[in-house]
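Report on the following structure.
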Amino acid sequence: MSWADWLNGRGPDVAPSLLGAVLTSRTDQGRVAVALTEVEAYDGPDDPASHAWRGPTPRNAVMFGPPGRLYVYFSYGMHWCANVVTGPDGTASAVLLRAGRVVHGHGLARQRRGPRVGDPALARGPACLTRALAIGREHDGIDLGSGGELSIEPGARPLGVSVGPRVGVSRAPDVAWRFWVTGDETVSAYRRSPRA
DNA sequence: TGAACGATTTCCT
DNA sequence: GGAAATCGTTCAA
């Protein structure tokens, strides 16, 4: 299977294959790489929890584009979250990158996250992951397959994968489209939305 | 034009 | 367990 084919499917189908994949950030500061341990799927106009549910807007435009690009959005007035766009051009599936294990560049990641943050927590949680990798607004729409500042490649498939409801969503709170590596210490805690 | 809300994190009790 | 921080997007009027 080619790199492009890898991501050319519905979010919920592609999401489990992203576990173990390695996301690499290269800046003039250095390189940080994480092996993904937790992801969530959002599947376009039919998914009430998706940013694309109400159709295309300036914010979610990248979701409607071709697969293999990064959709970055600003959350709670202070955090950045990153998704891998999946599905063919014109559809709006995406997979939120919720957590990962830092496999390269621990020092730089800790410099970005804070000196008191332990290894397992460096990229635990979607906003922590983007912070460890220095992902921000400027990366919205970037191609992850061209070996640029950010890239993703398949990794070793984990031995065990768990499935459950997505974290913090108020709509469709029981849809089990969250996937994580069973028992992994770098996976974030589950919290149900108070509104759900 | 305004108000509510959010795919969160961190700190406090 | 609970609340604050903080602002772009969305929805109502």
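Just so it is clear, the structure is predicted and the values come from calculations on it, not from any experiment. Residue numbers begin at 1 in each chain, while the letters A, B, ... track the order of the sequences.
A side-chain donor-acceptor contact under 3.5 Å links A:Arg110 to the backbone of A:Val117. Between the A:Glu40 side chain and the A:Val167 main chain, a donor and an acceptor come within less than 3.5 Å of each other. A:Glu38 contributes a side-chain N or O that, together with a main-chain N or O of A:Ser188, makes up a donor-acceptor pair within less than 3.5 Å.
Atom P of nucleotide B:dA7 and atom OH of A:Tyr71 are separated by 10 Å, given to the nearest angstrom. Rounded to whole angstrom, the span from the CZ atom of A:Arg191 across to the P atom of B:dT9 amounts to 8 Å. Rounded to whole Å, the distance from CE on A:Met63 to C1' on B:dA7 is 10 Å. At whole-Å resolution of the value, CG in A:Leu129 and C1' in B:dT9 are 14 Å apart. Atom CG of A:Leu122 is separated from atom C1' of B:dT9 by 15 Å (rounded to the nearest Å). Nucleotide B:dC5 holds its C1' atom 12 Å from the CZ atom of A:Arg54, rounded to whole Å. Distance OH (A:Tyr76) to C1' (B:dG6): 4 Å, rounded to an integer number of Å. Between the P atom of B:dT9 and the OH atom of A:Tyr190 lies a distance of 15 Å, rounded to the nearest Å.
Remark: A:Arg113 is in phosphate contact with B:dT10, judged by side-chain N or O atoms under 4.0 Å from OP1 or OP2. Distances shown here put every side-chain N or O of A:His51 at or beyond 4.0 Å from the OP1 or OP2 atom of C:dT9. Within the 4.0 Å cut-off from OP1 or OP2 of B:dG6, not a single side-chain nitrogen or oxygen of A:Ser193 is found.
Each of A:Thr57 and A:Gly77 has a nearest nucleotide on DNA chain C; the 5'-most of these lies closest to A:Gly77.
Using a 4.0 Å heavy-atom distance criterion, A:Arg59 is classed as a sugar-phosphate-only contact. Across all strands, A:Ala127 comes closer than 4.0 Å only to sugar-phosphate atoms, never to a base (heavy-atom distances). Within the 4.0 angstrom heavy-atom criterion, only backbone atoms of the sugar-phosphate kind lie near A:Phe74; the bases stay farther away.
Smallest separation of non-hydrogen atoms from A:Arg166 and A:Asp47: NH1-OD2, 2.7 Å.
At a cut-off of 3.5 angstrom, the base of B:dA7 holds at least one donor-acceptor pair with the side chain of A:Tyr73.
Residue A:Arg131 places its side chain closer to B:dT10 than to any other of B:dT10, C:dT6, B:dG6. Proximity note for A:Cys81 (side chain, C-beta onward) versus B:dT8, B:dT10, C:dT6: the nearest is B:dT8. Taking every side-chain heavy atom of A:Arg116 into account, B:dC11 is the closest of C:dG8, B:dC11, B:dG6. Distance from the side chain of A:His79 is smallest for B:dT9 among the nucleotides B:dT9, C:dA5, B:dA7. Distances were taken from every side-chain heavy atom of A:Cys128 (C-beta onward) to each of B:dT9, B:dA7, B:dT8; the shortest belongs to B:dT9.
Taking 4.5 Å as the limit, some side-chain heavy atom of A:Trp6 sits within range of a side-chain heavy atom of A:Leu18. Residues A:Trp80 and A:Ile135 have side chains not in contact (no heavy-atom distance under 4.5 Å, counting atoms from C-beta outward). Using a 4.5 Å heavy-atom threshold, the side chains of A:Leu7 and A:Val84 count as touching. Residues A:Ser170 and A:Arg192 have side chains not in contact (no heavy-atom distance under 4.5 Å, counting atoms from C-beta outward).
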Can A:Arg171 and A:Ser50 be said to form a side chain to side chain donor-acceptor pair (under 3.5 Å), step by step? CA-CA 9 Å; A:Arg171 301 174 183 271; A:Ser50 170; over 6 Å; no

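Atom name P, nucleotides B:dA4 and C:dA4: the rounded distance is 15 Å, in whole Å. Nucleotides B:dG2 and C:dT6 have their P atoms positioned 22 Å apart, rounded to a whole Å.
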What does the 5'-to-3' dot-bracket notation of DNA chain C look like when only Watson-Crick and G-U wobble pairs under 3.5 Å count, and pairs to other strands show as |? |||||.||||||.

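Looking at residues 168-176 of chain A, you'll see A:Gly168, A:Val169, A:Ser170 sit with a heavy atom under 4.0 Å from some atom of DNA chain B.
For A:His51 and A:Tyr73, the ring centers sit closer than 6.0 Å to each other.
Taking A:Trp177 as the reference, nothing meets the side-chain hydrogen bond (donor to acceptor under 3.5 Å, both in side chains) condition, with sequence neighbours excluded.
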